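We use all heavy atoms of the structure for the numbers below, so side chains are in, but hydrogens, waters and symmetry mates are not. Both counts, for ligands and for their atoms, begin at 1 and track the order of listing. Just so it is clear, the structure is predicted and the values come from calculations on it, not from any experiment.
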Amino acid sequence: MKFMKISEHIYFMEHNPETDRPALGYVRGEKGGFMMDAGNSAAHYHHFIEKLQENKLPHPRYLSLTHAHWDHSFGLWATKTATIAGGKTNKELEKMSHWAWDEESMKNRLKTGEDSVFSDTHIRREYSHRSDIKVKTAEISFNGSMTIDLGDVTCILREIVSPHCRDSVVFIIPQDGVIFLGDSYCSAIQGEEWFYDKVLLTAYIDEIEKIDFRLAIKGHHPPQTKEELLAELKSEWKKL
Ligand SMILES: [Zn+2]
């Protein structure tokens, strides 16, 4: 997948819908790099690290997650970098670390609604051997927000109310006017249907309006300006 520089300090690798690999991001600072999301597998994580090497960018010093969903977090175990997640995300990961990946367990989770057909299908596509799946929690967790100082650039990790899931975190890089959204802008899946909760979408639009940024990197879609993102969210809101 294409690896691009999007602003003075920020790079990202585009998403790949085939096995539901989300966009992964990287902030380059004087004191080291910050990687945004871990990828859906060790293979996805390593693919991104290869792109950093090709572009002569240093190995990340920190890695943080936007939320616990498998496609953003299952690459976490593959890194030796310091890992960070919101407290709610880490709780979800802890729960998922006990999941088994045999047929019966996977089918059971579809019945209980713990997992969706959409995830199930893509997990099977990403992993030819599901025994390779390892779920790990992050070493450092925070509640609310935390700031990482990379010298000439800072990354603000902030929990945000989101229509997608209850553990959403966004990364704001004020010096570049960039926000890394993960899936926080997406609707939520129930069974096989995607839907937006009106109350949560209203609160999310409100939060996004208040944050100062120019460009948004999205988990499963191309980047947008703040104006484009808000216009899209408001048109979804009108449909509800
Ligand atoms: Zn998600």
Side-chain angles (χ1 to χ4, degrees), residues 1 12-25 35-41 43-45 48 63-77 83-97 99 101 106 109-110 112-127 133-138 141 157-172 179-197 199-201 203-205 207-208 216-224 229 232-233 236:
M1 299 313 288
F12 83 104
M13 184 167 78
E14 61 183 2
H15 70 285
N16 181 355
E18 217 173 293
T19 59
D20 204 29
R21 288 183 168 187
L24 302 178
M35 182 168 166
M36 302 185 276
D37 271 335
N40 71 355
S41 60
H44 188 200
Y45 168 79
F48 186 76
L63 187 165
S64 187
L65 302 175
T66 55
H67 62 309
H69 284 165
W70 80 278
D71 47 323
H72 300 255
S73 69
F74 281 15
L76 195 71
W77 70 272
T83 54
I84 308 166
K88 293 186 196 116
T89 299
N90 247 4
K91 248 183 224 158
E92 285 299 313
L93 291 173
E94 217 287 314
K95 219 188 319 169
M96 284 154 74
S97 70
W99 285 7
W101 297 98
M106 286 180 81
R109 286 198 293 273
L110 294 182
T112 59
E114 280 174 288
D115 216 344
S116 66
V117 174
F118 184 82
S119 296
D120 187 275
T121 308
H122 289 92
I123 287 170
R124 289 168 193 274
R125 270 190 217 154
E126 173 69 27
Y127 290 90
I133 298 176
K134 291 189 191 94
V135 185
K136 249 186 68 170
T137 54
S141 65
L157 290 54
R158 193 203 283 182
E159 288 182 332
I160 190 168
V161 59
S162 151
H164 182 65
C165 61
R166 273 184 260 174
D167 65 320
S168 266
V169 167
V170 290
F171 306 129
I172 304 159
I179 188 169
F180 189 89
L181 296 174
D183 294 354
S184 60
Y185 66 95
C186 294
S187 51
I189 199 163
Q190 257 199 2
E192 288 179 58
E193 299 288 322
W194 292 89
F195 78 99
Y196 271 117
D197 177 285
V199 174
L200 292 175
L201 183 57
Y204 182 70
I205 291 172
E207 286 289 305
I208 289 293
I217 303 175
K218 302 171 94 179
H220 298 275
H221 299 87
Q224 277 178 330
L229 172 68
E232 188 180 276
L233 293 171
E236 291 295 336

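Using the six-membered ring where Trp is involved, His67 and His72 have ring planes that are tilted, between 30° and 60° apart. Taking the six-membered ring where tryptophan is involved, the planes of His164 and His69 are perpendicular, since the angle between them exceeds 60° and thus also 30°.
Of all N/O/S atoms in His69, ND1 sits nearest the Zn ion (ligand 1). Closest approach between the Zn ion (ligand 1) and any N/O/S atom of Asp183 involves OD2.
Close placement of the Phe118 and Trp194 rings is indicated, their centers lying within 6.0 Å of each other.
With the Zn ion (ligand 1) as vertex, His67 NE2 and His164 NE2 subtend 110°, rounded to 10°.
Remark: side-chain polar atoms of Asn40 are paired, donor with acceptor, to backbone N or O of Thr19 under 3.5 angstrom.
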